[in-house]
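Comments concern the structure below.
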Amino acid sequence: MKRRLPREFFARDAAAVARDLLGRVLCRRLPDRRVLRGRLVEVEAYVGPEDRASHAWRGRTPRNVAMFEAGGIAYVFRVYGIHFCLNAVTGRQGFPAAVLLRAAESPIDGVSASGPGRLCRAFSVDASFDGASFVGPDLWLEPGDLAPDRAVQRTARIGVDYAGAWARRRLRFVVAGSPDASGPRRLR
DNA sequence: GGTGCGATTGCA
DNA sequence: GCAATCGCACCA
């Protein structure tokens with residue numbers, strides 16, 4: 001069995017974790033014991049309580065409690081009443097921060113999950129994973145092998161235009177040239 | 001207790 | 001271009 005990224009991996013600020021997550025392999029063990037794997041190619045950092053684009057901006061609520069936990073767990077929320085979005089919680093207990101996983105490509109079969117909602121569907125992640133361990137038996141990350149010199153593109157985050165100056169912060173990280181990058185055709 | 005809307009997607 | 005669809009945040 002391959003190595004899992006340890007809890008300490010998540011115990012840094014969200015932007016650092018986000019950058020480091022590119023090329024890592026998202027792993028999900030299904031009830032039938034099959035294991036799905038996909039290389040992360042697009043993520044976004046939500047960096048703290050002052051980040052106006054973050055769900056935690058207005059403080060702790062029933063929805064976002066997972067963001068306030070110590071790094072190493074999942075934060076899953078429903079968006080537009082239809083889709084789920086999967087985040088890796090980062091940082092220390094009490095400080096709300098997370099990395100939204102937006103797109104992955106499968107190193108095995110080349111199937112891509114482009115977009116946070118589609119990623120959750122592809123990996124069969126739903127609200128029951130909110131607060132679940134990201135170093136657990138059903139959900140974890142493996143190191144992966146992104147070439148160190150593989151270019152990483154930084155852009156503004158998608159769909160947070162309401163967030164004032166925070167909307168313009170370049171907290172979206174994409175593996176340059178990845179065909180699986182999601183978002184509006186327009187790349188900001 | 002009522003209301004407005006979103007860290008999106010798919011289809012016209 | 002826009003409907004789908006619902007939990008949650010906010011106001012009363």
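A, B, ... follow the sequence lines: proteins, then strands. Residue 1 opens every chain. Computed over heavy atoms, backbone and side chain alike; hydrogens, waters and symmetry mates excluded.
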A:Asp51/A:Arg157 ion pair, N-O < 4.0 Å: yes
When you measure from the side-chain N and O atoms of A:Tyr162 to the phosphate of B:dA7, is any distance below 4.0 Å, counting only OP1 and OP2? yes
Taking side chain to side chain contact (heavy atoms under 4.5 Å, CB included) as the criterion, tell me which of A:Leu141, A:Leu86, A:Asn87 meets it with A:Leu101. A:Leu86
How long is the line joining CD of A:Glu42 and C1' of B:dT8, in whole Å? 12 Å
Whole-Å distance separating the OH atom of A:Tyr75 from the P atom of B:dA7: 9 Å
Heavy atoms only: give me the nearest A:Glu142-A:Cys27 pair and the separation to one decimal. CD-SG, 3.5 Å
Output all residues satisfying ring-ring contact (aromatic ring centres under 6.0 Å, His included) with A:Phe77, sequence neighbours left out; order by chain, then residue number. A:His55, A:Tyr75
Rounded to whole Å, CG of A:Asn87 lies from P of B:dT8 at a distance of 11 Å
B:dT9 C1' sits how many Å from A:Leu119 CG, rounded? 14 Å
Could you tell me whether the side chains of A:Thr155 and A:Arg170 share a donor-acceptor contact shorter than 3.5 Å? no
Looking at residues at least two apart in the chain, or sitting in another chain, which of them share a ring-ring contact (aromatic ring centres under 6.0 Å, His included) with A:Phe10? A:Phe134
Sequence neighbours excluded - salt bridge (charged side-chain N to carboxylate O under 4.0 Å, His left out) pairs with any residue from residues 60-80 of chain A: none
Could you go through nucleotides 5-9 of chain C and list every protein N or O atom that sits under 3.5 Å from one of its N or O atoms, giving the distance for each pair?
unit_1	atom_1	unit_2	atom_2	d
C:dT5	O2	A:Tyr80	O	2.5
C:dA9	OP1	A:Thr61	OG1	2.3

Could you list the protein-to-nucleotides 1-4 of chain B atom pairs, N/O on both sides, closer than 3.5 Å?
none

Touch check for A:Arg121, heavy atoms < 4.0 angstrom, all strands: base, sugar-phosphate only, or nothing? sugar-phosphate
For the hydrophobic clusters of this structure (ILVMFWY residues joined by side-chain heavy atoms under 4.5 Å, transitively), does one cluster hold both A:Val89 and A:Leu171? no
Does A:Asn64 reach the main-chain N or O of A:Met67 with its side chain, forming a donor-acceptor pair under 3.5 Å? no
If a pair means Watson-Crick or G-U wobble with both distances below 3.5 Å, what does DNA chain C look like in dot-bracket form, with | marking bases paired to a different strand? ||||.||||||.
Please indicate yes or no: is the ring centre of A:Tyr46 less than 5.5 Å from the centre of the six-membered base ring of B:dA7, with the two planes inclined by under 30 degrees? yes
Whole angstroms only, please: what is the CZ-C1' distance between A:Arg172 and B:dT8? 14 Å
Under 3.5 Å donor-acceptor, A:Trp166 side chain and A:Glu50 backbone: yes
Same-atom distance (P) from C:dT5 to B:dG2, integer angstrom: 23 Å
Answer yes or no: is there an ion pair linking A:Glu44 with A:Arg102, defined by an N-O contact shorter than 4.0 Å? yes
